[in-house]
Amino acid sequence: MRSPRPELPTQSRGGWRALPVLLAALAASCADGGRAALPDGQLAQPPLPGNLDSIDPDVRERIEASSARVSEDPAGADRWADLGQLYEVVGLRAQALDCYAQAQLRDADEPRWWYRSAICRGRMDDVRTALADMDHALALAPDYGPAHYRRGMFALEDGDLDTAWSAFQRAVDVAPDYFGGWTGMARVHLQRDETDDAVRVLESLVDRSPSDGTVGALLASAYRQAQTPEGERRTVGRPTSEEDKRFWDDPWQSELRSFRRAPESHRITRLLQRGKAGPVIRKLERRRDEEPDNTEFLPELAEAYFQVGRVDEARATYLALLEREPDDVGACMALARFHEAAEELRDALPWYDRAIRIDPSFGMAWAARGRILFEGAQYGPAIETLETALELDQRDADLYLWLGASRMFVSDWDGAKRDLGVYLSNEPDDSDAHLYLAKAHVKLGELDAADAELERVRALGTSMRAMLDQIESTLERARSRQARDRGKQGS
């Protein structure tokens with residue numbers, strides 16, 4: 001008999017409003033008409049996307065309100081920077097750069113505007129200009145560790161390992177408690193195939209913060225590159241405290257979060273559905289490095305890792321999410337799914353149990369748990385679990401199949417007949433289910449009904465020929481007994 005495996009959905013980060021028009025069309029559509037250029041290059045009016053009317057209404061309203069504040073006081077650098085940060089978080093980076101440039105003209109000594117401009121340019125793959133902007137920020141704030149780290153990441157992306165190393169070393173010198181510099185040095189070690197050095201650096205970070213998701217994912221990559229045996233690998237992903245967030249403290253980046261309402265989850269999900277995990281991984285790894293205490297995009301990153309077979313990193317990413325959000329049911333379900341994919345069914349059960357403890361009304365977790373118990377021949381517990389799953393949600397016909405089959409193995413023939421009948425009303429061409437139902441009818445002495453089910457099996461065909469022969473033989477013997485009994489009664 002087949003044992004169907006209903007596909008478990010990936011974690012969904014619902015509740016966010018989508019932007020129907022993003023990036024390329026909008027970024028190139030800055031409306032220059034009507035700007036009054038002041039003698040020093042300052043603008044009197046803020047830039048607006050040419051097709052503002054097509055943007056999500058909530059985002060459009062926020063842009064219009066922030067632009068109005070700029071127009072009220074065009075000399076205010078902070079107002080220009082606020083509008084720039086809003087543009088940046090909704091993906092309108094060309095407009096964001098215009099606004100940052102205006103903030104720089106009004107307050108050239110504020111390093112944050114150069115910092116934001118550098119990050120924005122880096123995300124537009126303008127790495128050389130990003131490096132120049134970050135150098136300007138560092139000239140104004142030479143001891144700001146995260147800026148050195150990001151400069152190193154830009155250089156690493158540009159393939160300049162020596163410059164990247166120098167930047168990461170400087171980040172460690174000025175901010176030894178900030179993990180960016182250390183992880184950057186580990187990345188350079190990996191690029192140079194110095195895997196032992198990379199592992200050493202990363203394991204030292206695990207000693208300081210045993211549950212850091214970024215470190216854990218990078219260490220998993222280092223172990224894989226170094227071909228470190230499983231038994232010699234450090235375990236990461238244990239419960240952590242809020243105190244560990246200090247290792248990635250970047251106040252200038254944290255400011256951006258107050259402007260973020262519409263993440264790119266919808267676009268990332270579409271890329272994953274089309275099998276384009278590579279671009280998603282590059283994008284989200286960069287974001288994880290920039291926002292190490294932000295968890296909203298971790299499910300997409302984990303699923304992208306899983307798509308390309310990087311299961312250790314997928315698992316580490318979900319564990320990192322659970323450290324911050326221990327009640328995330330989707331992460332528990334995904335970790336269970338990873339174990340199932342590796343045919344580690346016993347290891348999957350605790351994750352389904354955890355999901356049920358978090359949300360006892362989550363029928364999908366009960367269903368998955370019941371299926372695993374059934375496949376493991378634990379029919380009594382499977383029956384209890386599947387009954388609960390069906391109390392919560394009756395839409396999955398396969399639950400009746402697993403439940404009916406489980407009842408057969410504990411000789412509950414009436415219950416098996418009932419549940420298999422419900423299943424077959426939804427899946428009438430499943431010959432194996434008809435075969436099992438025929439057996440239930442035989443056990444209950446319902447021989448004509450058993451005959452009808454066997455005719456259906458013969459018409460559909462079955463791979464379970466031995467079982468068909470056995471039931472036919474049992475049915476023939478039952479009919480012979482009936483005939484003898486009727487003969488005795490007649491005499």
Side-chain angles (χ1 to χ4, degrees), residues 13-30 46-52 54-70 77-104 110 112-126 130 133-134 137 146-147 150 153 248-271 279-280 282-301:
R13 309 296 288 181
W16 297 97
R17 301 184 65 179
L19 297 179
V21 180
L22 283 176
L23 298 180
L26 289 175
S29 64
C30 185
L48 292 174
N51 44 1
L52 183 62
S54 64
I55 299 178
D56 180 272
D58 177 62
V59 176
R60 183 172 65 245
E61 182 179 339
R62 294 168 63 205
I63 289 173
E64 290 171 342
S66 186
S67 297
R69 286 193 292 272
V70 172
D78 287 347
R79 297 193 180 199
W80 282 97
D82 286 349
L83 179 57
Q85 290 179 90
L86 174 57
Y87 277 139
E88 186 178 350
V89 299
V90 300
L92 300 176
R93 297 191 180 110
Q95 286 83 355
L97 287 171
D98 279 347
C99 292
Y100 292 145
Q102 293 302 308
Q104 292 159 7
E110 175 51 66
R112 289 177 299 160
W113 315 150
W114 299 96
Y115 186 72
R116 290 257 52 84
S117 178
I119 292 175
C120 202
R121 292 187 188 280
R123 289 182 170 176
M124 295 172 73
D125 296 322
D126 184 3
D133 283 350
M134 195 62 78
R150 294 184 194 282
M153 293 299 289
W248 289 96
D249 186 29
D250 182 354
W252 294 355
Q253 185 67 19
S254 298
E255 290 177 5
L256 198 66
R257 297 198 192 109
S258 63
F259 296 88
R260 189 183 301 280
R261 289 189 194 169
E264 296 174 309
S265 294
H266 60 292
R267 192 165 64 89
I268 289 169
T269 299
R270 288 199 299 271
L271 287 171
V280 169
R282 290 192 295 273
K283 180 182 184 65
L284 294 183
E285 283 182 334
R286 178 188 292 176
R287 188 171 173 192
R288 181 190 61 198
D289 295 338
E290 294 174 351
E291 306 174 45
D293 60 345
N294 185 1
T295 62
E296 67 183 23
F297 55 87
L298 291 183
E300 288 84 0
L301 177 57

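For clarity, every value in this text was computed on a predicted model and none was experimentally measured. Here, residue 1 is the first one in the sequence, and each next residue gets the next number.
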For the residue pair W113 and A77, what are the closest heavy atoms and their distance?
NE1-CB, 4.1 Å
Specify the closest pair of heavy atoms between A96 and C120, including all atoms of both residues, with the distance to one decimal.
CB-SG, 4.1 Å
Before giving the answer on side chain to side chain contact (heavy atoms under 4.5 Å, CB included), spell out for R286 and M153 the whole-Å C-alpha distance, their side-chain angles and the decisive distance to 0.1 Å.
CA-CA 9 Å; R286 178 188 292 176; M153 293 299 289; over 6 Å; no
Please examine the side chains of L86 and L92, heavy atoms only from C-beta on, and report whether any two atoms are closer than 4.5 Å.
no
Minimum heavy-atom distance between P49 and Q95, given as atom pair plus value
CA-NE2, 3.7 Å
Mind checking what makes side chain to side chain donor-acceptor pair (under 3.5 Å) contact with E255, not counting sequence neighbours?
R112
How far apart are the C-alpha atoms of R121 and M134, what are their side-chain angles, what is the distance that settles it, and do they pass the side chain to side chain contact (heavy atoms under 4.5 Å, CB included) test?
CA-CA 10 Å; R121 292 187 188 280; M134 195 62 78; over 6 Å; no
Quick one: closest heavy-atom pair of R79 and R69, and the distance?
NH1-O, 2.8 Å
Quick one: CZ on R93 to OG on S117, what's the gap to the nearest 0.5 Å?
12.5 Å
Please check this pair: side chain of S66 against backbone of R62, looking for a donor-acceptor N/O pair closer than 3.5 Å.
no
Centroid separation W252 to Y115 less than 6.0 Å:
yes
Residues D249 and P146: closest non-hydrogen pair is O-CG, 3.9 Å
With no hydrogens and no angle check, just 3.5 Å: does a side-chain donor-acceptor pair link D82 and Y87?
no
E110 side chain near D78 side chain, heavy-atom distance below 4.5 Å:
no
Do the side-chain N and O atoms of Q85 and Y100 include a donor-acceptor pair separated by under 3.5 angstrom?
no
Please examine the side chains of I119 and Q253, heavy atoms only from C-beta on, and report whether any two atoms are closer than 4.5 Å.
yes
Candidate pair Q102 and L83, rule side chain to side chain contact (heavy atoms under 4.5 Å, CB included), full reasoning
CA-CA 11 Å; Q102 293 302 308; L83 179 57; over 6 Å; no
Could you walk me through whether R116 and D133 pass the salt bridge (charged side-chain N to carboxylate O under 4.0 Å, His left out) check?
CA-CA 9 Å; R116 290 257 52 84; D133 283 350; over 6 Å; no
